[in-house]
Structure formats: C-alpha cells, structure tokens
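A quick write-up on the structure given underneath.
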Amino acid sequence: MPTLFDFAWLIPLFPLLAFVAISLFAHPNRTLSEQLAIYLGAVISFVLAFLVLLSAVVVSGELPIEIPLLDRWFSLGLNREPIGISIDPVGAALLLTLALIYLIISIYSKEALRDDARFSRFFALLSLLAAGAFAMLVFDNLLVLLIAWEIMDVCIYLLTGLGHEGREEEGGSNGSLKTFLIAQVGNLCLLLGLALLYAQGSSLAYGEAFGAANMEALRQSTLSGDFPTGGVIAWLFLGAVIARCAQVPLHTWLPEANEAPAGAGALIHATAIASGAFLLMRALPVFDATAASLSIPSLGLSGITLVGTLTAVLTSLAALAQRDIRHAVSLSAASQAGTAIAALGIGAQVAALFHILTTLSSITLLLLAAEWVARGMARGRQEAPSDEPFDAHDMAAMGGLYDRLPAAFWTFFIGGLALSGLPPLLVSGFWSKDALLAQVWASNPTLFWILACSGGLTTFGAMRQVSLVFVGAPRSQAASRAAAHIPTLATLLILLCILVMGLGWIGIPAHFPALEGLPNLLESFLGAQDTARDFLWDSRMLGLAFSTLGLIAAFVFYAWAPLRAGEPDRLEQAMRRMWLGWLYQLMRNRFYADALVGSILARGAVLLAGGLAAIENGLNLLTDGLAFLAQRVCTGGQWLDVHVLSELTHLAGRAGERLSHAGNLFEQHLLGQLSGLAHGGTLALARLGDLFERAVLAPAVDGAGRLVRVAGLGFRPRTGRVQNYLLLACAAVAVLAAVFLFLFLQV
Amino acid sequence: MERILFIILGTITLGAALAVVTQRTLSCAAWLLALSCLGIAGLLFLLEAPAVAALQLLVGAGGVALLARKNEARLRQTAPPGSAGVTPRWWAGALVAAALAEVLLWTAFHYDPGMVPVPTAQVSLAGYALPMATAVVLLATALVGALEVARKR
Amino acid sequence: MTTVHPSWFLALAATLFCIGLYGALARRSAVAVLMGIFLMLDAVILNLVAFGRALEAAGMGGQVLAVLLILVAAAETALGLALVATLWQRYSTTSLDDLNSLKE
C-alpha cells in the first residue's frame, strides 16, 4: 500500500522542474519565472516536506524507512546500482528546515530583485540549489549524495558569480572561484572515500554501505598493508565535511558566499551546513568502527572533535574582528557548526542535530535582517550622495539605526540572542546549546571549558554587531538617512523569529526542573538518547555564565559609550594596547587561511607550469638545432656540387680532350688514314664524354643538390599552420598502421 | 531486426557526420553534430550499454544541441557563410583520411578475437576508481580554467 | 544483439573517425575543426564499447573507459570553445589559415 513516503522523490523533482522550465522557456518572462520558481518549486516542496515530516513523526518507531525505487538506474557492464528513497529522522528534520528556508528566501528575493536584470537566472539557480539539497536528503545512495553536492557547488559558484556581476572590481570574481575550488576539494575527498567504500562492499546504498557487515569488513581490511581502509575512509569523509561546513582550515569560503544576491547567501549557508552535518550523521557507523584511527592519542580526542573545537574557537575569534556585517554572521555560523560537530565527535547525536537545526534558523534570521539593514543603508546613501567609497554592509559606517529601522533592530537582536543562547528558556539557542554543553561536560571537562568560552565569544560578537549597527549616533551620512520599509521582509522575519523562539521546545531534556514531564520530542523522534541523563546545575550555570559574561563585555565595549564616526574599533584598540595587535590582525584576516592555501597550491601550480615551459623550451631548442643541421647539410651539398663534382667532370672532359689531341698527333705522325678512324673515334668519345657530363652528370648532381635544398625547405615543418602539423602526424600514423599490419599480422 | 536498426542508425550517424564536415554554415553544422551524437547514442543502446548511451545522449546530443541553440547568432558572426570552407590543401587531408580509412577498414574486416591480447583477470570497477577520480578533478580544473580564459576582459 | 557482427561496428567507427579526421584537417574555421575532433572522439567511444562487448575478458573496461571518454570530449569541447572565444576577441578571426604566428 503506497504511503506518503513513496512520493518523497517528488520533493526534489519540483524545484528541478522549476529550474528546467525557467532556464529553457520562461527566461524572458519575469512574472512567469517568479511564479514558476515560487509556486512550482518552493511551495509544493515545502508542503510535501511538511507532510513527510509529519508522517515520519507519526511512524517514528519504524524509521528509517527505505523504499526501493528503481532496480537498476545506473548499470555499467556487470554492476547494477539500485536506487531508492530513505527517510530517516535526521533527513526529515533537515528537509523541512531547508524547505522552509527556501520558501522564505524565494518570497523575499522576488521582492528584492524586482528590478534586477538577473532575475530569471537567479531563480533558476536558486531552484536548482534547492533541488540538489532535497535530492541529497531524500535518496538512499551515496552516489546521489555526491551528485547532489556537485550540483549544489555549481549553483553556489554561479550564484556568487551573479552577485559579482554588477560590479567591476579588481579580482572581483575570485571570491566565487575560491568558493568553488574549496568545495571541489571537499568533493574530491568524498569521491575518494566513496570509491574506497565501494571497493570494500560493492554497494553504495546507505543500508548496506554503512551496514554492520561492511563495517566489520572495514575493521579488518588494510590498504596496501599499511593503512587501515576504515581509517582512511573516515578521514576522507571528515575532509569532505570540513570543506562543506567551512571548518578550519577551509573556513574562508563561507563569508564569500554572501556575495550572492538577495537572500541566496542565507540559502547557501543553510544548505552547506546541512549537507555537511547530514554526511557526518549518515557516516557515523564508519566513524564508530574506526574510532581508533580517528583518535588523536595525545589529546584523547577524536579527530572530529578536534576539528570542531578548533573551528568553534578560531572562527568566533575571527568574527569579532570583521567589519562587514555579513562576514561576522557567517563566521559565527561556522563556529556554531563547529560546536555541533565537536558534539558529534563525542557521540552526542541528539544534541548535535538540535544545535544544527537551531543554528540554521538563527543564521537565516540574522542574514536576512542584515540584508534589511544593508538596503536601508543603500537607500540612505541615495538620499545623501557623496564621493566617498561606500559599502552598504560596513558596520563602521552604521550606527543609531535603532531609530531609523526599529523592526530590523528587533529581528536582528532576537537572532543574535538566539545565536548566543540567551535569555534562558525563551530562545531555542539556549536549549540546544544547553543540551550540548551538558553532554560535553559529562564526557570531557576541558572540552567543556573551551566550548563554553567559544560560546561566550559568540555572544560577545553578536552583541558587538547589535551595538555597532543600532546603538548610538549614526556614523555616516548614509546611516543618518537610512530607511527601508519592506513589509514582505518584515512578515517573513517575524515568522522566523517565532520559529527561532519556538524551536527550542522540541528538545527539552528530561530532567529540567519545573518542566519535568514535558516530552523530549526530538529524542523520541530520533530514537537515540544522549548519554548524560541527569540534570547538572554546574554545566548549565557555567554555560549561562560565559554567555552572560560575553554580553556584558560587549555592552561595556560598545554600547556604554557608542563608537563615534571615524573612531577605530574598540576591541582593536584594547588589543593593541595589550600588545595583542598581532592577534587582532590574525582575526581580521581569518587567520590567513587563504594565504596559506594559496601559497601552497598556487605557487606549486606556478612552479609546475614553469617547469613544463622549461621543458618545452628545451624541445624547441632541439628542433631548432635539427633544422639548422639540415640547412647545413643542404648548403654543404651545394658546395660539394659546385667545387668538387663539376671540377671532376671538367677534369674528365679535359682528359678526353688531351686524349683526342694525342690521337691527333699519333695520326698526324704515324698512322695517317688508319688513325683517321681512331681520331674520329676518340673525338666521338670526347664529345660523348662532354655530352654525358652536360646532359647527365651535371643535371644529376645539380638535381641532387636542388632536391636536398627543396627537401630542406619543404621539410621546414614550422609553417605555423596547425593543420599542416596535424596532416603530417596523421600521414605518419596511416603509414605506421599499414606497416604494423604488414609486419605483425603476417599478411 | 537489429541489422535493420544498425543500418538505419549507422546511416544517420555517418550521413550527419559527412554533412558536418562539408557544411559551410557553422550553425547548421552544430545541429547536425547533435544529430550525429543522437545516432551514436542509439548505436550504444544497440550495444547493450544503457549507462554510456544515456550519458552520450545527455552530453553529446543534449549538450551540443544546447550549445548550438545558444550560440546561433555568435556562430554566424564569427564565421560569415562561405568562409567556413576548406583550406587550400584540403586534398591532402582527404588523402590522409582515405588512407587511414583503408587501413582501419581492412583491419575491421579481417578482425578475429584471437588477435588481441587481453589481460585475463577481471577488471573491476574499483580498479578504475582512482584514475576516474583524478580525471574528474583534472577535467573540473580544466573547465574552470576555460571559464577564466574566456572571461571578457 | 549478436546478429550484428562486431566487425560492422568497427567499420562504422573507423569510417566515422576518418570523416572526423577529414573535418579536422581540411576545414578553415577553428570551430569546424573542433567539431571534427568531437566526431573522432565519438567514433572512439563507439569502438571502445563494441570491443568491450566482444571481448569477454575485458569485463566492464570498455564501458568505463567510454564513460571517461565522454567526459573528456565534453571538457575538451568546452575548453576549445573558450579558446576560440578568446581568439575571436584578440585577433578578430577564427580562420586557421590566418592564425600562423608560430611560423618562424
């Protein structure tokens, strides 16, 4: 009996249809494009995703549900790959979140890009991005995951390229290239890991590839005797997740993704973090089976946790030193993703998923609110034009927007609070961070302190942004005239605020005082339980304390005496005064990860190209030398002809003359008429010799010389015409083939 | 039955190919190239290789058709009709192609499976994984490079 | 499909190859040469799959290489077209007769 899940494959289909329709047909017609994109793509998939999640919740005992679709959708010779649907709790939850974000952003972008020429292309790419993300979550095959990641990468590249299009900047599109290349690194890791896994178990479906039998085999096998296959696969998958979720050292692409127009940046953030988290959760069996290879003995940590923690700290530090309002949010997003990944490393699945969900919603809220602020600033700029360079997202030029854009203030503020996890009980960020920290406290206290610190730093960063943007007096003309009345955006953001505040209630831990008895929906949905069950005041209070500390610090630094125009950032000043200016520089430049990667890879590539060019120059010299030699041979032949051979023939002719003269004398003095014959004979011989020399030898030698010259000329192969070269090559091939046939096949 | 299909598809493919190399108008030639790819995809289906055929359809027929459609104006611009003819020494090319054709056709008809040495071990998909991965990365890099090269300065 | 002898496929592929070769050698426009090269690659793809099927011991080798070759053909065509576009921008001609600056 077909259930709703049988139709889950429609979820990615509709945005895909929207993409195809827009790019092939509806291109010129704007209204049609937007209707297609929004209604066909976003609305239908959202409704379907919602229904799927509902059904999944209803049958949560039976998840994951696997429905085979096609027995052989991909057959290569003897191998046949089946494909099917697999709905599991993680996938369903992420599906609905992404579908909701996609819907919100579609509606917003329709309004934001109303007069923009890139309208249709934008919506086509947005639909394709969503289609890729949904496909990744719905199907049951690692191969589909890879394909979906590739599709998403192309869309991200093209979308950020669209954002750069309107502006003529020096090295403008390099940002989108960087995004694409970093994503390709991740995809390469995934591909290699996939190939190894496939070689191991000859199936890429989640059920079998990550099934118990395969994991058992992984534990045993080794690659060329030295490396455990399982360990290599685990590290490769981790590499893919690092690239995807913008973890250190590949964290620099996420801020670049903000260049995409309108709300696409938010969708890119959401899909990227969701895909990385999804892979990590799906591949948990691999990580469990190879925990030994992943762990770093000196630290007693799993590699996953190390990466997550490092990112959490470094990116939250970097977020403190950013001037662009969106970059700070992106780096905070990477930091939260890192926290969740660290939690996954110690086995706290429920808390990690919870945290990812809340992060996705708060980041979307923050990015869209930042959009609002930027548009307000742009309008303000229009009212007060000046010659100075202007960046709508530069926080140093903002300030005092609380009066001008109150709604934007409230939404941004709530988003910032959600990200920080304050105030308690009200905001989803609190619940998820709380659950996470509780788990970490139970497993590794040091880790707890580090993560709590990074939480405090995130709070500091969020409140810093709020203060810089909204508090105090406007720091520029544009800020003093900022105005943006966007009802669509306001409604959408209010919706998001409600989501952000309400999402927390699905995951209340079991023993929370005063709220005992409320079911932990997330836990029962996931069917998994985190290890630490008791309520510990210590971890909760300490976590809250760190966040509150961050809040107060931000208040003191930025809100107590708001920055005035032209004043450098307070944090920068403070750090310089404490001789930590170098640290501030590092933070501002996101720890120079770009430069590091660039110098290794880029310089390596340049060296390689230089080496190859040198080889080519050497080959050129060789051919030059050969041509020179041929020329010399030809002139030598000429010289031979002129100086030696003709002389010889002349000599021969003269000898013949002498001979005839002698015969003459002989005849004259001795023989008379008898010698007349001989005379005639020798004369004839001499004349024959002459004739021979003139008619045969000379032309022959001349001809030989000319042949060599012509050959030298004609065989000057560098006419510069590609096709002549090709002609020679193919003629040679034909001749060689014929020779080969004759000789080797004994014909 | 299969013979008939083979003959039909073969004729389409070869006919379209001949037309491609003799056409003077580049935009027409592009469409004909897509047709030829379609013929080849059909032949691949005949050879029981559905995955390869599907890929050929997508990339060859689909891709080339898309290119042809999107660039009709540009093709007409870069090569005004009549100039896309042949080079002065076209007969040399024809000669070489004919010679090679002669050699290859002769081989085809005197072909006997025993002639070709083939490794007896079964070649599995996993053995190709690393080369394929490398090739994919190289191709992706080449495409990015192409985009950069062709960007309007 | 065993009624069609592999030799016929090979002959077809050979003819296609030589047609493409002629196109690559004797045409004046760079785009036309690219089309000829594409035809040659198609012929090789056909050849590979035909051989792969005819030889039992090759297993999947023929088809795997054919897939790889399709990718290569696509990438090479894209690259070639990018080069042609650049040539057009720089020299305002795509005729190979005029582009002989490698001549000594």
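In what follows, chains carry the letters A, B, and so on, assigned in the order in which the sequence lines appear, proteins first and then strands, with residues in each chain numbered from 1.
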Report summary line: Residues at least two apart in sequence or cross-chain that pass side-chain contact (heavy atoms from CB on, under 4.5 Å) with B:A68, listed by chain then number, are B:A30, B:W31

Among [options], which residue forms the greatest number of heavy-atom pairs with chain B at distances under 4.5 Å?
options: C:L16, C:L68, C:L69, C:I70; value: C:I70
options: C:L21, C:I45, C:L46; value: C:L46
options: C:A75, C:A73, C:A66; value: C:A75

Query raised in the report: Considering only heavy atoms, which portion of B:V59 lies under 4.5 Å from any heavy atom of chain C: side chain, backbone, both, or neither?
Result: side chain

Query raised in the report: Heavy-atom distance under 4.5 Å to chain C: side chain of B:V64, backbone, both or neither?
Result: side chain

Query raised in the report: Which heavy atom of C:A78 sits nearest a heavy atom of B:L143, and at what distance?
Result: CB-CD2, 3.4 Å

Report summary line: B:L100 and C:C18 have their tightest heavy-atom pair at C-SG, 3.9 Å

Straight-line distance of [X] [atom1] to [Y] [atom2], nearest 0.5 Å:
X: C:R27; Y: B:Q23; atom1: CZ; atom2: CD; answer: 7.5 Å
X: C:M35; Y: B:L26; atom1: CE; atom2: CG; answer: 5.0 Å
X: B:T22; Y: C:Y22; atom1: OG1; atom2: OH; answer: 8.0 Å
X: C:F38; Y: B:C37; atom1: CZ; atom2: SG; answer: 4.0 Å

Closest-packed option against chain C by number of heavy-atom pairs under 4.5 Å, given [options]:
options: B:A142, B:A101, B:A17; answer: B:A17
options: B:V21, B:L95, B:L44; answer: B:V21
options: B:L67, B:L138, B:L104; answer: B:L104
options: B:V96, B:L43, B:L58; answer: B:L43

Query raised in the report: Is there a side-chain contact between B:Q56 and C:D42, using heavy atoms and a 4.5 Å cut-off?
Result: yes

Query raised in the report: Can B:E48 and C:V49 be said to form a side-chain contact (heavy atoms from CB on, under 4.5 Å), step by step?
Result: CA-CA 9 Å; B:E48 282 178 341; C:V49 177; over 6 Å; no

Report task. Please check if atom CD in C:E76 has more than 12 non-hydrogen atoms from other residues, nucleotides or ligands closer than 6.0 Å. Result -> yes

Table please: side-chain donor-acceptor pairs of residues 4-14 of chain B below 3.5 Å, with sequence neighbours left out.
residue	atom	partner	partner atom	Å
B:T11	OG1	B:I7	O	2.4
B:T13	OG1	B:L9	O	2.7

